[in-house]
Number of protein chains: 2
Amino acid sequence: MRSRIKKAEILKIIAHPVRIQILEELEKGVKCVSDFEESIEASQPNVSQHLGLLRRCGFIDYYMDGRLRCYFLVDPMVPDLLKILRKEYKDSLPAPACCPVTKKGTYPGNRRR
Amino acid sequence: MRSRIKKAEILKIIAHPVRIQILEELEKGVKCVSDFEESIEASQPNVSQHLGLLRRCGFIDYYMDGRLRCYFLVDPMVPDLLKILRKEYKDSLPAPACCPVTKKGTYPGNRRR
DNA sequence: TGCATATATTATTATATTATTATATAAGCG
DNA sequence: CGCTTATATAATAATATAATAATATATGCA
């Protein structure tokens with residue numbers, strides 16, 4: 001059972017436009033840093049920093065191909081999360097059935113008083 | 001199609017232990033602020049700030065019950081995200097089949113030169 | 001061996017997030 | 001109406017994150 005702190009950390013690491021783009025591209029296959037530099041609007045050191053962060057946190061890894069570092073996805077949670085972010089939700093969740101205004105249902109909270 | 005900036009914003013808002021706890025509790029049903037104060041290790045103003053943020057971003061909403069504000073989940077993406085965070089993944093993703101070291105497969109990146 | 005290429009690291013600055021403290025609002029009750 | 005309860009807002013201070021600029025490392029090739 002993951003702690004809430006851990007859950008928050010996971011989301012926090014992914015929650016950056018450049019890192020999301022990196023992960024989305026790695027979903028499609030292996031990429032080296034210069035591939036990213038073509039598609040991502042960020043400086044080389046900046047991309048490198050994002051890659052480093054994702055790697056230290058275990059989301060991605062790389063192998064060496066000559067002087068290229070070829071990155072690939074490691075964490076299976078990533079595609080699942082990206083998929084949810086892609087999904088278009090049409091409706092809001094149903095409003096609670098226990099609205100005290102209409103006096104229908106019961107309010108579930110334990111309230112002091 | 002959501003932009004990457006938007007995707008990052010969504011994750012960033014959720015990516016906080018207290019906000020995750022709020023959302024997890026709202027998954028189970030409506031709660032008023034004083035319910036949260038019992039379960040969450042944070043001051044009343046702090047909880048209120050997190051609730052305000054989640055509300056301004058459209059993840060939750062509330063109805064009034066006398067002087068209580070009863071919060072409930074609105075955004076259907078939230079339970080999906082929380083579910084992924086709960087999931088235990090046993091294995092890493094399969095390592096790429098196109099490793100140039102073994103000379104099997106082809107490296108998919110468009111590389112200059 | 002020395003140069004060019006590919007990528008990383010470090011330091012710095014700018015900006016955003018967070019918790020805390022103090023104060024405000026708003027509703028119901030006596 | 002004034003008090004109490006429930007909750008929010010605002011100001012501040014502490015901390016974390018991010019981008020930039022400058023520099024370093026490491027590999028292959030001539």
Side-chain angles (χ1 to χ4, degrees), chain A residues 4-5 7-22 25-26 30-57 59-72 100-101 107 109-113, chain B residues 4-5 8-22 25-26 30-57 59-72 100-101 103 107 109-113:
Chain A
R4 287 183 196 101
I5 292 172
K7 290 177 186 175
E9 278 167 0
I10 291 169
L11 295 187
K12 226 158 139 185
I13 299 301
I14 302 180
H16 187 287
V18 169
R19 293 195 290 269
I20 287 179
Q21 182 165 7
I22 288 172
E25 300 203 5
L26 290 184
V30 183
K31 292 238 183 252
C32 72
V33 181
S34 36
D35 294 330
F36 291 124
E37 281 179 76
E38 282 166 27
S39 55
I40 295 182
E41 292 244 9
S43 68
Q44 177 272 315
N46 193 240
V47 170
S48 181
Q49 283 180 112
H50 288 300
L51 286 168
L53 179 61
L54 288 170
R55 178 162 173 281
R56 283 193 304 281
C57 298
F59 292 105
I60 66 179
D61 202 358
Y62 65 83
Y63 54 75
M64 296 299 292
D65 175 10
R67 40 190 153 170
L68 304 176
R69 282 205 184 183
C70 302
Y71 282 91
F72 56 94
V101 173
Y107 178 67
N110 278 331
R111 194 168 323 161
R112 36 175 131 67
R113 178 180 15 145
Chain B
R4 285 188 270 266
I5 291 172
E9 278 169 358
I10 291 169
L11 294 188
K12 224 156 139 186
I13 298 301
I14 302 180
H16 187 287
V18 169
R19 292 194 291 268
I20 288 180
Q21 181 164 7
I22 288 172
E25 299 203 6
L26 289 185
V30 184
K31 292 237 185 253
C32 72
V33 181
S34 37
D35 294 330
F36 291 123
E37 282 178 78
E38 282 167 27
S39 54
I40 295 182
E41 292 246 6
S43 67
Q44 177 271 315
N46 194 241
V47 170
S48 181
Q49 283 179 99
H50 288 300
L51 286 169
L53 179 61
L54 289 169
R55 178 163 173 280
R56 281 192 306 280
C57 298
F59 292 105
I60 65 178
D61 202 356
Y62 64 84
Y63 54 75
M64 297 298 293
D65 175 12
R67 39 190 153 169
L68 304 175
R69 282 204 184 183
C70 302
Y71 281 91
F72 56 93
V101 173
K103 301 296 175 220
Y107 179 66
N110 278 334
R111 194 168 322 161
R112 37 175 129 68
R113 182 171 41 105

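Reckoned from all heavy atoms, side chains included, excluding hydrogens, waters and symmetry mates. Remember, it's a predicted structure, so these values are computed and weren't measured experimentally. Naming: A, B, ... by sequence-line order, numbering from 1 per chain.
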Q | Separation between CG of L51(A) and CG of N46(A), rounded to the nearest 0.5 Å | A | 10.0 Å
(Q) Judged by each residue's nearest nucleotide on DNA chain C, which is more toward the 5′ side, N46(A) or K12(A)? (A) N46(A)
Q.
With a 4.0 Å cutoff (strictly under), does any side-chain N or O of H50(A) reach OP1 or OP2 of dA18(D)?
A. no
Q. Between dG30(C) atom C1' and R67(B) atom CZ, what is the distance in whole Å?
A. 11 Å
Q: May I ask you to decide if S39(B)'s main-chain N or O and Q21(B)'s side chain share a donor-acceptor pair within less than 3.5 Å?
A: yes
(Q) Can you measure I13(A) atom CD1 to dA18(D) atom C1' for me and round it to whole angstrom units? (A) 13 Å
Q. Which nucleotide in the set dT7(C), dC29(C), dT20(C) lies at the smallest distance from any side-chain heavy atom of S48(A)?
A. dT7(C)
Q: Find the partner of dC29(C): check Watson-Crick (N1-N3 plus N6-O4 or O6-N4) and G-U wobble (N1-O2, O6-N3) distances, both under 3.5 Å, and reply none if neither fits.
A: dG2(D)
Q. Do side-chain atoms of R19(A) reach the backbone of I13(A) as a donor and acceptor pair under 3.5 angstrom?
A. yes
Q) Taking CD from E9(A) and P from dT18(C), how many angstroms apart are they, rounded to a whole number? A) 13 Å
Q) With a 4.0 Å cut-off on heavy atoms, is R55(B) in touch with a base, just the backbone sugar-phosphate, or nothing at all? A) nothing
Q.
Tell me the interatomic distance from L53(A), atom CG, to dT9(C), atom P, rounded to whole angstroms.
A. 12 Å
**Q.** Listed nucleotide nearest any side-chain atom of Q44(B), set dC29(C), dT7(D), dA4(C)
**A.** dT7(D)
Q | R19(A) vs dA18(D): side-chain N/O to OP1/OP2 distance below 4.0 Å | A | yes
Q) Rounded to the nearest 0.5 Å, how far apart are OH of Y71(A) and CD1 of I22(A)? A) 9.0 Å
Q. Between dA6(D), dA8(C), dA19(D), which one does the side chain of S34(B) approach most closely?
A. dA6(D)
Q. For dA8(D), does either OP1 or OP2 sit under 4.0 Å from a side-chain N or O belonging to R69(B)?
A. yes
Q) Nearest-Å distance, CD1 (I40(B)) to C1' (dT7(D))? A) 14 Å
Q. Given atom CD of E41(B) and atom C1' of dT20(C), what is their separation to the nearest angstrom?
A. 16 Å
(Q) In this structure, how many angstroms lie between the P atom of dT5(C) and the CG atom of L68(A), rounded? (A) 13 Å
**Q.** Nearest-nucleotide pick for Q49(B), side chain only, options being dT7(D), dA19(C), dT27(D)
**A.** dA19(C)
Q | Partner nucleotide, any strand, of dT12(D) [Watson-Crick/G-U, under 3.5 Å] | A | dA19(C)
Q. What's the closest nucleotide to the Y71(A) side chain, out of dT7(C), dA8(C), dA8(D)?
A. dA8(C)
**Q.** Y62(B) OH - dA6(D) P separation (whole Å)
**A.** 17 Å
Q) In Å and rounded to the nearest 0.5 Å, what is the CZ to NE2 distance from R4(A) to H16(B)? A) 12.5 Å
